[in-house]
Amino acid sequence: MFFYMPVQVYAEKDCVRNHAKELCSFGKKALIVTGKSSAAKNGSLDDIRNALDAGGIGNAHFNEVEENPSVETVMRARDIGLKEGCDFVIGIGGGSPMDAAKAIAMMIRQKDADASVLFDSEASPATVPVVLVPTTCGTGSEVTGISVLTRHDLHTKMAIPHKIFAALALVDGKYMKGMPAHIFAETTMDAFAHLTESRINAKASDMSRMCVDAGLRLWLRSKDVLLGKREADETDFLNMLNASTMAGMAIAHTGTSLPHGLSYALTYNTRMPHGKACGYFLPGYLAEASKEDRDYVISTAGFSSVDDLALYYDMTCRKERVEEDILALSVDDLLHNPAKMASAPFAVDERMLRRIAGLS
Ligand SMILES: [Fe+2]
């Protein structure tokens with residue numbers, strides 16, 4: 001059994017302000033990496049800048065990280081970071097800015113290298129320090145070494161082979177206040193998919209299960225807010241964000257499994273958001289799992305049955321009808337991904353994948 005989680009995590013209200021000293025300890029000038037506007041709207045960008053200003057640390061801001069960030073974006077940000085003399089990187093946002101921040105930190109540190117080192121497993125993974133501030137509750141990227149980038153040259157997205165962990169993660173649910181309801185629902189479903197797929201996984205260990213167990217119990221405490229049964233408060237946002245962070249720690253050790261493997265083609269072909277696409281396949285995956293695993297996930301997350309989970313997915317993520325030929329592409333895609341096929345703790349064949357995808 002192996003457990004490695006090198007990220008210093010503070011998960012609390014006002015943690016950027018409370019830990020401004022640590023934030024300022026990583027260098028003299030930060031490159032702040034965000035998407036277009038959400039970090040400015042949710043207050044996280046101001047908090048970070050105020051903390052840096054108070055500590056006499058300079059900053060430059062790159063706010064052009066797109067959904068599914070590309071290698072080209074990473075290189076553009078690197079050039080700005082070098083020009084500005086930045087010696088550490090702060091990524092704020094969902095998975096896209098955080099994943100991009102890790103790759104940008106590598107390219108700033110390796111200032112004479114070209115983009116090919118990003119995908120060269122023999123290349124040095126050295127980076128300048130990275131600080132991450134998640135503002136959605138899905139990816140868990142703040143505690144994983146994973147950075148997924150779009151390769152326009154290959155018309156796909158893929159994880160770089162280097163494990164790049166943040167030095168510091170500042171996790172504060174207040175930044176999720178005001179987030180559009182559908183993004184809250186979809187990212188929460190992504191976290192639930194990470195928890196489920198890590199628990200029902202060939203690589204699961206007692207320690208990864210510890211993260212899943214704690215994550216599911218937190219997720220349960222606030223899952224009703226997605227049904228509109230009550231208004232989400234700060235505790236709910238922090239519960240879901242902490243559940244997502246724990247799910248990140250779990251998948252850092254196990255990886256994800258069949259629902260994520262099936263989701264990639266669904267997202268690529270229909271643009272269905274990531275968490276919603278993963279959730280689409282979760283009831284089918286649970287139906288194929290052992291009774292013990294299925295009962296554990298269903299009951300720990302507060303559902304009465306797999307059908308009850310399916311109904312929850314319909315109501316929170318607004319399930320869409322997907323054409324059979326698209327689902328068949330998902331199945332075909334996964335059949336060509338042997339590592340993902342082997343991630344399930346049971347034998348998988350095409351017929352089973354078709355059942356999980358709801359195909360006859
Ligand atoms: Fe995911």
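Counting starts at 1 for both ligands and their atoms, following the listed order.
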*When the ring planes of His194 and His260 are compared, do they come out parallel, tilted or perpendicular, using 30° and 60° as the limits?*
tilted
*asked:* What protein N/O/S atoms are there under 2.8 Å from the Fe ion (ligand 1), waters excluded?
replied: Asp190 OD1, His194 NE2, His260 NE2, His274 NE2
_Salt bridge Arg199-Asp293, side-chain N to carboxylate O under 4.0 Å_ = yes
*asked:* Using 30° and 60° as the class boundaries, would you call the ring planes of Tyr10 and His19 parallel, tilted or perpendicular?
replied: parallel
*Polar contact flag, side-chain donor to acceptor under 3.5 angstrom, Ser263-Lys276*: no
*Pair Tyr175 and Phe237, ring centroids less than 6.0 Å apart*: no
_Salt-bridge criterion met for Lys36 and Glu64 (N-O under 4.0 Å)_ = no
